[in-house]
Amino acid sequence: MTIAHAYAAQSATTPLAPFSFERRTPTARDVAIDILHCGVCHSDLHTARSEWGPAAYPCVPGHEIVGRVSAVGSEVSKFKVGDIVGVGCMVDSCQHCQPCADGLEQYCDNGMTGTYDSQEQVSRANTLGGYSDHIVVFEKFVLHVKHDEKDLAAVAPLLCAGITTYSPLRQWKVGPGHKVGIVGLGGLGHMGVKIAAALGAHVVLFTTSPGKAADALRLGAKEVVVSKDPQAMEAQRNSFDFILNTVAVPHDLDPFLAALKLDGTMTLVGAPGTPHPSPGVFGLILKRRRLAGSMIGGIAETQEMLDFCAEHGIVSDIEPIRMAQINEAYERMLRSDVKYRFVVDMSTVRD
Ligand code: NAP
Ligand code: ZN
């Protein structure tokens with residue numbers, strides 16, 4: 001056992017505050033990691049505040065982890081002490097169902113183990129995440145980071161925001177000649193813009209924040225549409241091959257579905273705690289449109305995404321924060337005031 005220094009929420013209504021707990025002693029197949037940086041995902045806030053149902057407390061969020069290996073178990077072959085590694089939203093899964101065999105551990109039939117507010121496979125202990133100074137993870141769920149060391153803080157958000165946008169963009173085969181919409185320029189959305197542009201698509205940002213237009217164009221969008229403007233939305237009717245919706249609050253999906261062309265798909269990755277108003281049936285029927293969902297990505301695909309981003313020079317646009325600024329960061333995230341991901345410098349966890 002080692003003592004981890006962390007920040008935790010003690011209930012749905014209390015701010016995050018310093019907390020320490022015991023991490024398991026690494027087993028033969030485990031990698032122990034000193035955490036350097038941890039991104040702040042909207043899912044952290046949804047969970048800490050029990051917006052997706054009751055969380056287990058104390059709750060230590062954080063699933064965009066980059067760190068340095070401090071120890072490896074005797075059976076670990078892919079990592080050595082000193083390696084720079086990443087850990088995303090999962091730390092284990094059952095390892096014997098069909099989705100696990102297919103490298104789709106996030107869809108494990110027996111329930112993947114999330115990095116926080118989840119249950120370890122054997123002990124069923126509550127998992128505690130990356131807002132902490134170190135973590136112990138089963139080798140299979142640890143990723144190699146090949147980016148320059150100077151970029152590591154900006155790599156952290158790839159572990160969730162990066163893979164959550166990369167996976168559906170690849171699943172729906174986004175590429176040259178496609179008109180692709182990204183809804184919402186937050187943590188996920190800004191990665192979606194960068195990755196869709198790198199895949200060769202014509203990218204259009206839908207935003208509720210007109211002030212983000214210049215940034216969207218700089219990040220790789222070719223057009224910006226203010227989604228609160230009905231005329232601007234109407235002008236986009238029947239024109240998109242694919243739309244990725246990253247919005248974290250319930251909203252009317254129909255104007256976005258209307259923007260899809262025949263056989264177009266809108267995939268939801270944003271996960272508000274309460275439902276969207278039901279989409280109108282005719283918006284789907286009349287153009288054989290599809291509404292879909294997607295959750296993060298498997299481990300092999302996460303490694304593929306990290307390598308793709310390293311090759312294409314893609315990192316997140318970040319605002320580094322100290323651990324003690326986390327509650328303020330949550331409030332700013334709720335106001336869509338993030339450019340475009342907060343990342344905690346984990347050396348500040350005990351300040
Ligand atoms: P975020 O940084 O807060 O971004 C969300 C964006 O949504 C905002 O920046 C804003 O963009 C837009 N938005 C906010 N309020 C809105 C409103 N009232 N109407 C329309 N748009 C609004 O959050 P995030 O970290 O990217 O996460 C987004 C969602 O994805 C969360 O629900 C999160 O839990 C979920 N998520 C899902 C997965 C998955 O596997 N499916 C993985 C990670 C996260 P504009 O200012 O541009 O409008
Ligand atoms: Zn996340």
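Read the numbers this way: they start at 1 and go in the same order the structure lists the ligands and their atoms.
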Pair H144 and F79, ring centroids less than 6.0 Å apart: yes

Locate the shortest heavy-atom distance separating E64 from C160; write the atom from each residue and the value. OE2-CB, 3.2 Å

What is the minimum heavy-atom distance between Y57 and T47, and which atoms define it? OH-O, 3.8 Å

The single option from K173, K179, K261 that satisfies side chain to side chain donor-acceptor pair (under 3.5 Å) with D241 is K261

Identify every side-chain donor-acceptor pair in residues 215-222 under 3.5 Å, counting partners at least two apart or on other chains, and give the distances.
unit_1: D215; atom_1: OD1; unit_2: R218; atom_2: NH2; d: 3.4
unit_1: D215; atom_1: OD2; unit_2: Y340; atom_2: OH; d: 2.6
unit_1: R218; atom_1: NH1; unit_2: D317; atom_2: OD2; d: 3.0
unit_1: R218; atom_1: NH2; unit_2: D317; atom_2: OD2; d: 3.3

In order of chain and number, which residues sit within 4.0 Å of ligand 1 by heavy atom? C41, H42, S43, H46, W52, C160, T164, G184, L185, G186, G187, L188, T207, T208, S209, K212, T246, V247, A248, V249, V269, G270, A271, S294, M295, I296, M333, S336, R341

Exactly one of V60, I65, V349 should register a side chain to side chain contact (heavy atoms under 4.5 Å, CB included) with Y131. Which one does? V60

Is it true that, when you exclude R24 itself, more than 12 heavy atoms of the residues, nucleotides or ligands shown sit nearer than 6.0 Å to its CZ? yes

Restricting to under 2.8 Å, identify the protein N, O or S atoms around the Zn ion (ligand 2) as residue plus atom. C41 SG, H63 NE2, C160 SG

With sequence neighbours left out, the residues meeting salt bridge (Lys or Arg N to Asp or Glu O under 4.0 Å) with R237 are E234

Closest approach of F242 and L244, non-hydrogen atoms and distance? CE2-CB, 4.1 Å

